[in-house]
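Taking it in order: structure first as structure tokens, then the write-up.
Order of appearance sets the numbers: ligands from 1, and atoms from 1 within every ligand.
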Amino acid sequence: MTDSVIISPQVSWEELKLSKPLSLGVMASGKGSNFIAVADAIAQGKLNAKIQVVIYNKPQAKVKEKAAEFGIPTVFCNHRDYATREEFDQVLVETLKAHQVDWVIMAGWMRVVTPVLINAFPDHIINIHPSLLPSFKGINGVESALNAGVKIAGCTVHLVRPEVDSGPILIQAAVPVLEGDTPETLHQRIQPQEHHILPIAIALAAQRS
Ligand code: GRF
């Protein structure tokens, strides 16, 4: 089935060579497979970058242990400790700046972010979303696509703007929806493509900035 995956744009790591290493901060809420994809691309010498910090907002987030395995510092920021999204985002900004982060990677960050964060890193915040945007924005992108009966699904990496799951698209991957798919089986088909395109998108964004 991998034959039917379409990725656009098609770029090679050779074309994505960066002269100066990027300083990344990763924000994640879940199991952290996209964080691992970025960390692996760095370890394999494809993406010229260093992850300075991983911020997570759920105490049980598996990404914490994954980051530790890569020797990357983690910081727990609990949104429940703050009255407003803006106050929480201000703490994120301070944490990211304290770790000298230039690029913010939302790798499964299940919180809406506000202009407080967005304006602190203009056009330097990258999000991965499990649908072919602009279709199926929001938290249940995979399920919504399935419910709509689409025959092609996928994932998108884009720059973050104040409107949720909007902002200039960097790269997309399309996969087929198969007979009998559930949200879980479809997500399982999409995720390897997320892992493929997220590190590429980071290099693409850096090249264009
Ligand atoms: C991914 O499907 C991503 O597209 C969405 O959240 C999920 C995170 O997965 N925003 P993981 O924690 O990186 O495995």
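- Shown here for A28 and A107, the closest heavy-atom pair between the two residues is CB-O, 3.4 Å.
- Checked against a 3.5 angstrom limit, the closest N/O atoms of E194 and ligand 1 fall inside it.
- Nearest non-hydrogen protein atom to atom 10 (N) of ligand 1 is I128 O, 3.1 Å.
- Cation-pi contact between K97 and F121: present, with separation from the ring centre below 6.0 Å and deviation from the ring axis of at most 45°.
- Looking only at atom types and distance, the side chain of S12 has a donor-acceptor partner in the side chain of E15 under 3.5 Å away.
- Here the protein heavy atom with the shortest distance to atom 14 (O) of ligand 1 is S33 OG, 2.5 Å.
- Without hydrogens or angle criteria, K137 side chain to E163 main chain gives no donor-acceptor distance under 3.5 Å.
- Looking at atom 9 (O) of ligand 1, its nearest protein heavy atom turns out to be Q191 NE2, 3.2 Å.
- Between F35 and the choices Y56, F70, W109, the ring pair (Phe, Tyr, Trp, His ring centres under 6.0 Å) rule is met once, by F70.
- Scanning the protein for heavy atoms near atom 2 (O) of ligand 1, the closest one is H187 NE2, 2.7 Å.
- When each atom of ligand 1 is checked for a heavy atom of G108 under 4.0 Å away, the hits are 6 (O), 8 (C), 10 (N).
- Any N or O atom pair closer than 3.5 Å counts here, and F35 shares no such pair with ligand 1.
- Between Q90 and E94, the side chains place a donor N or O and an acceptor N or O closer than 3.5 Å (distance only, hydrogens not considered).
- Annotation: G32 places an N or O atom under 3.5 Å from an N or O atom of ligand 1; distance criterion only.
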